[in-house]
K.L.:
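Quick one: the structure is below, and I'll ask about it shortly.
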Amino acid sequence: MQGSHHHDRSDHGHAHHGHDHDGHGHGAHGHCGHAHATDFGRAFIIGIGLNTAFVLVEAGYGFAANSTALLADAGHNLSDVLGLVVAWIAAVLSRRPPTPRLTYGLRKTSILAALVNAILLLVACGAILLEAIQRLIHPEPIASLTVMVVAAIGIVINGITAWLFASGRKTDLNIRGAYLHMMADAVVSLGVVLAAAAMMMTSWLWLDPAMSLVIVAVIVWGTWGLLRESTAMTLAAVPSGIDPAAVRTFLGEHPGVASIHDLHIWPMSTTETALTAHLVMPAGNPGDAFLIETCRELQRRFGIGHATLQVETSDDVDCALAPDHVV
């Protein structure tokens, strides 16, 4: 009965912490986060509008100049527009309030969007690769000057769009996906300009597809990290910026904590992290203040804003989740 009473106290402590965190979030954190989201909403609208218009122009001139490089770039730009749309939808959905069934809201859509964005980029690379190989086998003359001008406009448009997302690329994987997508596109357009300029001077038709191959290598290299990280997040892996051993040590160093089990750290979205842990404290439950302060420290030190701590007062309780290999 005693153990049960302590268990209740710990739950109550967490409930109190949850309330406290919400209050804190709406004051300092929540407002800042909302402002960021709104800014990116504008960035998405501008980026999607600019790039859709450019895809239409680039495809038209690609046909006119007989440049499959421009057409391939237009196709790649189209995949970028889709990537931006996916990222924007996720950014909007992840701010939806929770429901009784979707208890975390739709925060995880931002992780799925980052994954979809990485896959879209790799599919676009596959299309460019195929086109480049065909062009190496059957080189064709192109209207180099037209290609240079149109691709140069592409550099400007993609550069501006990437710049709109630059501020969020370090803290939000979904925004980083959108940023990488646009930077990759600026690099593609730059490659097309350089290849067209070299072809005007040398008349070497293979330069155009050869540059495409270099561009594909650059994009794949940049996208691999995004794919790996978003896949890990989808599998509820500890976010890359958090050291799970350091979190375990931090919790274990608290006075009265004899051992820790059932420690889990996972991403709720591309920017928010949750944690659960059972703390064995034989001297008894230290009360709400301990739980609230520990949760605050987890937020401050590790950026873990959604922590649930369960206190058990005896090693003999025989918790079903006690061995670390049990999930």
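Each residue takes its place number in the sequence, starting with 1.
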K.L.:
Could you walk me through whether Met200 and Leu145 satisfy the side-chain contact (heavy atoms from CB on, under 4.5 Å) test, starting with their C-alpha distance in whole Å, then the side-chain angles of each, then the deciding distance to 0.1 Å, before giving a yes or no?
P.N.:
CA-CA 8 Å; Met200 281 174 78; Leu145 187 61; 4.3 Å; yes
K.L.:
Listed by chain and number, what are the salt bridge (Lys or Arg N to Asp or Glu O under 4.0 Å) partners of Arg101, not counting sequence neighbours?
P.N.:
none
K.L.:
When you group the ILVMFWY residues by side-chain heavy-atom contacts below 4.5 Å and let the links chain together, are Val85 and Ile175 in the same group?
P.N.:
yes
K.L.:
Among Ile292, Asp288, Thr294, which residue meets the side-chain contact (heavy atoms from CB on, under 4.5 Å) test with Phe290?
P.N.:
Thr294
K.L.:
Is Lys108 reaching over with its side chain to a backbone N or O of Pro267, donor-acceptor style, under 3.5 angstrom?
P.N.:
yes
K.L.:
Could you state whether Leu180 and Trp88 fall into the same hydrophobic cluster, counting links through intermediate Ile, Leu, Val, Met, Phe, Trp or Tyr residues with side-chain heavy atoms under 4.5 angstrom apart?
P.N.:
no
K.L.:
Quiz question: by atom type and distance under 3.5 Å, do the side chains of Glu312 and His261 form a donor-acceptor pair?
P.N.:
yes
K.L.:
Got a sec, which residues hit ring pair (Phe, Tyr, Trp, His ring centres under 6.0 Å) with Trp206, two or more places apart in sequence or on another chain?
P.N.:
Trp204
K.L.:
Establish, from distance only, whether the side-chain atoms of Thr270 and Asn174 form a donor-acceptor pair under 3.5 Å.
P.N.:
no
K.L.:
For the CG atom of Asn117 and the OG atom of Ser110, what is their distance to the nearest 0.5 Å?
P.N.:
12.0 Å
K.L.:
Just list the side-chain donor-acceptor pairs under 3.5 Å for residues 51-59, sequence neighbours left out, or say none.
P.N.:
residue, atom, partner, partner atom, Å
Asn51, ND2, Gly47, O, 2.7
Asn51, ND2, Thr161, OG1, 3.2
Thr52, OG1, Ile48, O, 2.7
Glu58, OE1, Ala74, N, 3.3
Glu58, OE1, Asn77, ND2, 2.7

K.L.:
For Val220 and Cys125, work out which heavy atoms get closest and say how close.
P.N.:
CG2-SG, 3.9 Å
K.L.:
Is there a donor-acceptor pair closer than 3.5 Å between any side-chain N or O of Asn158 and the backbone N or O of Gly154?
P.N.:
yes
K.L.:
Just by distance, do the side chain of Arg107 and the backbone of Tyr104 share a donor-acceptor pair under 3.5 Å?
P.N.:
yes
